[in-house]
Amino acid sequence: NKLFKLKPYKPNILTAFGVIFLISAAIIPIQNLIVWGPDFVHHFYTSSEITSEKISIGVITLGISFILLGYKKQVHIE
């Protein structure tokens, strides 16, 4: 038994939301990296304040969990 056994994929709404969350969460750190540079982005991640970079980490985690839930076997009512 494998821990994660991928089966034939049937698209669903959870994986679509997961991909959208990942893309939208990646925009903020990349934009700030281009505008502010790596030193400021590092400061944004390590400061004690709540910043958009820290929120983007949570959104990335949520997106990954949506994708994993999308691949999980779902019970269909027929």
What is the distance from atom CG of Asn12 to atom CG of Leu69, rounded to the nearest 0.5 Å? 9.5 Å
Verify the neighbour count for atom CZ of Phe17: are there more than 12 heavy atoms of other residues, nucleotides or ligands below 6.0 Å? no
Hydrophobic cluster partners of Ile30 (side-chain heavy atoms under 4.5 Å): Ile34
Phe44 side chain reached by Pro29 side chain, heavy atoms, under 4.5 Å: no
Hydrophobic cluster membership, Ile60 vs Ile23, 4.5 Å side-chain cutoff: yes
Gap between atom CD1 of Ile28 and atom OG1 of Thr51 - 0.5 Å precision: 9.5 Å
Side-chain heavy-atom pair Thr15, Val19 within 4.5 angstrom cut-off: no
Is it possible for you to say whether Ile20 and Ile27 belong to one hydrophobic cluster, with membership spreading through side-chain heavy-atom contacts below 4.5 Å? no
Above 12 or not: heavy atoms from other molecules or residues under 6.0 Å from CZ of Phe40? no
If you compare all heavy atoms of Ala25 against all heavy atoms of Val59, which two are closest, and at what distance to 0.1 Å? CB-CG1, 3.6 Å
Do any N or O atoms from the side chain of Lys54 and from the backbone of Glu49 form a donor-acceptor pair under 3.5 angstrom? yes
Identify the heavy atoms of Tyr45 and Ile57 that sit nearest to each other, and give their distance. CE2-CD1, 3.5 Å
All pairs passing side chain to side chain donor-acceptor pair (under 3.5 Å) where residues 23-37 contributes a residue, at least two apart: Asn32-Glu53
Any non-hydrogen side-chain atom of Ile67 less than 4.5 Å from a side-chain atom of Leu14? no
How far apart are the closest heavy atoms of Ile55 and Ile50, and which atoms are they? CD1-CG2, 4.1 Å
